[in-house]
Amino acid sequence: MTQQQWTAVDTYFTGLLTPADEALTAALHDSDAAGLPQISVAPNQGKLLQLLAQIQGAHRILEIGTLGGYSTIWLARALPADGRLITLEYSPVHADVARGNLARAGLDKLTEVRVGPAVDSLAALVAEDTAPFDLVFIDADKANNPHYVEWSLKLTRPGSLIIVDNVVRGGEVADADSTDPSVQGTRKALELIARHPRLSGTALQTVGTKGYDGLALARVLD
């Protein structure tokens with residue numbers, strides 16, 4: 001199999017199962033126009049996030065890493081009318097783009113974009129004694145993945161779902177000697193999931209328009 005074949009299959013799946021959507025298309029367009037990196041989740045992966053949130057019956061969602069709000073839209077659309085999504089973004093520029101995209105999608109009342117280092121924002125959420133989140137999607141700087149998982153445990157409840165994106169690192173995640181901080185951060189997060197008594201998790205490899213990648217899923221236990 002080649003990248004071209006993977007992309008062709010994703011194109012087929014997307015055309016069949018995730019038809020064109022004006023708000024999502026515009027979100028990608030505005031993100032590109034603002035010079036944001038083209039690293040948003042693929043449409044079929046966005047739909048997967050939405051389905052997982054719906055299966056979870058999520059009322060409260062936490063996203064770590066907003067970018068232009070593309071994945072945020074998918075997740076927020078899974079919420080009921082009284083739901084809430086808080087998304088954390090380091091860059092003020094990215095956050096402004098995301099707010100505009102969320103407003104155009106009619107989701108600004110359900111969502112809040114917080115700006116600053118995610119670790120600081122997570123600590124602030126704990127200090128606020130915020131209600132637990134039913135689902136956490138981690139898709140930010142990979143070196144901090146273990147810290148994000150640890151903070152997520154403080155902000156969830158038994159039965160909550162934690163999703164960590166981009167865990168395969170093009171296959172490098174299997175290299176214990178890698179000097180790449182993103183690889184080492186991902187490995188530490190996976191090792192934390194494996195050994196933590198309050199987590200039950202797994203990880204999957206994927207191929208598609210985003211190349212060779214994958215994600216980890218962890219359920220918070222009692």
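One-based numbering along the sequence shown.
For the pair Glu63/Ser71, a side-chain contact is recorded, criterion being any heavy-atom separation below 4.5 Å from C-beta on. Within the 4.5 Å cutoff, no side-chain heavy atoms of Leu85 are placed close to those of Phe133. Residues Val119 and Pro117 fail the side-chain proximity criterion, which asks for heavy atoms closer than 4.5 Å. In this structure, the side chains of Leu75 and Leu135 come closer than 4.5 Å at one or more pairs of heavy atoms. Side chains of Leu221 and Pro158 form no contact here, defined as non-hydrogen atoms less than 4.5 Å apart. Looking at Ile61 and Asp134, their side chains never come closer than 4.5 Å, going by heavy atoms from C-beta outward. Within the 4.5 Å cutoff, the side chain of Leu217 has no heavy atoms near those of the Ile162 side chain. Looking only at side-chain heavy atoms (C-beta outward), Trp74 and Leu24 come within less than 4.5 Å of each other.
When all heavy atoms are compared, the tightest approach of Gly214 to Thr206 is N-OG1, 3.4 Å. Closest non-hydrogen pair, Gln3 versus Gly208, comes out as NE2-O, 2.8 Å. The two residues Ser152 and Ile138 come nearest to each other via the heavy atoms OG-CD1, 3.8 Å. The two residues Val115 and Ser121 have their closest heavy-atom pair at O-OG, 4.4 Å. The heavy-atom pair separating Asp165 from Lys142 by the smallest distance is O-NZ, 3.9 Å. The heavy-atom pair separating Pro146 from Leu192 by the smallest distance is O-CD2, 3.7 Å.
Distance alone, capped at 3.5 Å, is enough to place a donor-acceptor pair between the Thr66 side chain and the Leu88 backbone. A donor-acceptor pair is defined here as one N or O able to donate and one able to accept, closer than 3.5 Å; no such pair exists between the side chain of Ser160 and the backbone of Thr156. Panel note: side chain Asp10, backbone Thr209; a donor-acceptor pair is recorded below 3.5 Å. At least one donor-acceptor pair closer than 3.5 Å links the side chain of His59 to the backbone N or O of Gly57. The closest donor-acceptor contact from the side chain of Gln56 to the backbone of Gly159 lies under 3.5 Å. Between the side chain of Gln184 and the main chain of Pro181, no donor-acceptor pair closer than 3.5 Å is present. Checking side-chain atoms of Asp141 against main-chain N and O of Ala143 turns up no donor-acceptor pair under 3.5 Å.
Note that the CG atom of Asn145 and the CD atom of Glu150 stand 11.0 Å from one another [nearest 0.5 Å]. Separation of atoms CG (Asp32) and CG (Leu36) is listed at 8.5 Å; rounding is to 0.5 Å. Here the CG atom belonging to Leu122 is positioned 11.5 Å from the NE2 atom belonging to His147, to the nearest 0.5 angstrom. Atom CD in Glu172 sits 8.5 Å away from atom OG1 in Thr179 (nearest 0.5 Å). Here the NE2-CG distance, from His29 to Asn101, works out to 11.0 Å after rounding to the nearest 0.5 Å. Once rounded to the nearest 0.5 Å, the distance linking CZ of Arg60 with CD1 of Ile86 reads 5.5 Å.
Side-chain heavy atoms closer than 4.5 Å link hydrophobic residues (I, L, V, M, F, W, Y) into clusters, and following such links, even through other members, never connects Leu215 to Val164. Leu125 and Val149 fall within the same hydrophobic cluster, defined by Ile, Leu, Val, Met, Phe, Trp and Tyr side-chain heavy atoms under 4.5 Å apart, directly or through other members. Residues Leu52 and Ile64 do not share a hydrophobic cluster, clusters being chains of Ile/Leu/Val/Met/Phe/Trp/Tyr side chains in contact below 4.5 Å. In the hydrophobic cluster analysis, where Ile, Leu, Val, Met, Phe, Trp and Tyr join through side-chain heavy atoms closer than 4.5 angstrom, Ile163 is grouped apart from Val167. Leu199 and Phe137 end up in different hydrophobic clusters when Ile, Leu, Val, Met, Phe, Trp and Tyr side chains are linked at under 4.5 Å.
Atom CD of Gln38 sits in a sparse spot, with 12 or fewer heavy atoms from other residues, nucleotides or ligands closer than 6.0 Å. By the neighbour-count criterion of 12 heavy atoms within 6.0 Å, atom CD of Gln4 is sparsely surrounded, having that number or fewer from other residues, nucleotides or ligands.
Taking the charged nitrogens against the carboxylate oxygens, Arg99 and Asp96 do have a contact shorter than 4.0 Å, which makes a salt bridge. Using a 4.0 Å cut-off between a side-chain N of Lys or Arg and a carboxylate O of Asp or Glu, Arg104 and Asp30 qualify as a salt bridge. Salt bridge Arg187/Asp175: absent, no basic N to carboxylate O contact under 4.0 Å.
When hydrophobic side chains of Ile, Leu, Val, Met, Phe, Trp and Tyr are connected at separations under 4.5 Å, Leu16 ends up clustered with Val9, Tyr12, Phe13, Leu17.
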Take Leu155 and Leu153, measure what side chain to side chain contact (heavy atoms under 4.5 Å, CB included) needs, and give me the verdict at the end.
CA-CA 5 Å; Leu155 290 162; Leu153 276 166; over 6 Å; no
Tell me, with the steps shown, if Lys154 and Glu128 meet salt bridge (charged side-chain N to carboxylate O under 4.0 Å, His left out).
CA-CA 12 Å; Lys154 301 176 189 293; Glu128 293 167 16; over 6 Å; no
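Residue pairs meeting the salt bridge (charged side-chain N to carboxylate O under 4.0 Å, His left out) criterion with at least one member in residues 73-92, sequence neighbours excluded, are Asp21-Arg77, Arg84-Glu112.
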